[in-house]
Amino acid sequence: MKQRKYIERAVCKHFKVDIDKVYTARKSVYPYNGAKLALMYLLYKNGYKSYDIAKWFGFNPTLVYRYCGAVNVALKSDTKIKEDIESIEKLLTSKNQ
């Protein structure tokens with residue numbers, strides 16, 4: 001399991017946003033909505049529990065499943081979020097080598 005801070009740094013570096021704003025931003029405008037979805041998905045993918053992720057973002061664990069499912073569907077087609085996730089995963093693997 002990758003540490004949360006490494007995932008957060010990679011997401012923030014890719015989207016060029018502040019981590020505090022990702023957790024607190026309520027507006028669904030790019031780049032914050034993309035950063036929020038990518039961060040949730042990558043945290044869940046790396047073994048963090050949905051109730052922990054929900055607590056960090058301030059909403060219900062059911063929404064974590066919904067958002068991660070939406071990202072999972074988007075990854076199967078050519079979308080911007082797919083490019084973002086692939087780019088962030090490259091950042092994470094390059095940091096760990």
Side-chain angles (χ1 to χ4, degrees):
M1 178 183 334
K2 291 184 176 80
Q3 289 187 351
R4 178 180 166 196
K5 65 181 178 177
Y6 293 124
I7 298 170
E8 289 174 346
R9 284 184 197 154
V11 169
C12 289
K13 182 177 180 180
H14 175 75
F15 286 100
K16 297 175 179 71
V17 295
D18 184 42
I19 191 61
D20 295 332
K21 290 188 178 181
V22 173
Y23 282 112
T24 59
R26 297 289 179 220
K27 294 181 180 180
S28 58
V29 295
Y30 192 84
Y32 296 105
N33 65 337
K36 186 179 284 192
L37 289 174
L39 181 56
M40 261 190 276
Y41 175 78
L42 290 169
L43 288 171
Y44 187 75
K45 181 180 174 184
N46 282 284
Y48 289 92
K49 303 293 182 196
S50 61
Y51 54 84
D52 288 330
I53 297 168
K55 183 174 70 171
W56 297 329
F57 281 95
F59 41 71
N60 192 314
T62 306
L63 285 176
V64 174
Y65 290 122
R66 182 181 297 166
Y67 292 142
C68 289
V71 171
N72 209 11
V73 168
L75 290 175
K76 295 177 183 175
S77 61
D78 291 328
T79 59
K80 177 68 174 141
I81 194 75
K82 179 180 179 180
E83 295 171 12
D84 292 336
I85 296 290
E86 289 172 352
S87 177
I88 294 165
E89 286 180 335
K90 285 178 187 175
L91 283 172
L92 287 170
T93 55
S94 67
K95 284 185 180 181
N96 291 332
Q97 292 179 352

Using modelled atom types and a 3.5 Å cut-off, is there a donor and acceptor pairing between side-chain atoms of Ser94 and backbone atoms of Leu91?
yes
In a check of side-chain contact (heavy atoms from CB on, under 4.5 Å) between Phe57 and each of Thr24, Val64, Leu39, which one passes?
Leu39
Does a side-chain heavy-atom distance below 4.5 Å link Ile81 with Tyr41?
no
Angle class for the Tyr67/Phe59 ring planes (parallel below 30°, perpendicular above 60°, tilted otherwise)?
perpendicular
I'd like to check the side-chain contact (heavy atoms from CB on, under 4.5 Å) partners of Tyr51; sequence neighbours left out, ordered by chain and number.
Lys49, Pro61
Heavy-atom count check: over 12 atoms from other residues, nucleotides or ligands less than 6.0 Å from Tyr65 OH?
no
Count the heavy atoms of every other residue, nucleotide or ligand shown that sit under 6.0 Å from CZ of Phe15, and state whether that count exceeds 12.
yes
Is there a path from Leu63 to Leu37 through hydrophobic residues (I, L, V, M, F, W, Y) whose side chains come within less than 4.5 Å of each other?
yes
Do you reckon Met40 sits in the same ILVMFWY cluster as Val73, going by side-chain contacts under 4.5 Å, direct or chained?
no
Over 12 non-hydrogen atoms of neighbours within 6.0 angstrom of NZ in Lys21
no
I'd like to know if Leu75 and Leu92 are part of one continuous hydrophobic network [Ile/Leu/Val/Met/Phe/Trp/Tyr, side-chain heavy atoms within less than 4.5 Å].
yes
Evaluate whether atom NZ of Lys16 has more than 12 neighbouring non-hydrogen atoms of other residues, nucleotides or ligands under 6.0 angstrom away.
no
To the nearest 0.5 Å, what is the distance between CD1 on Ile88 and CD on Glu83?
11.5 Å
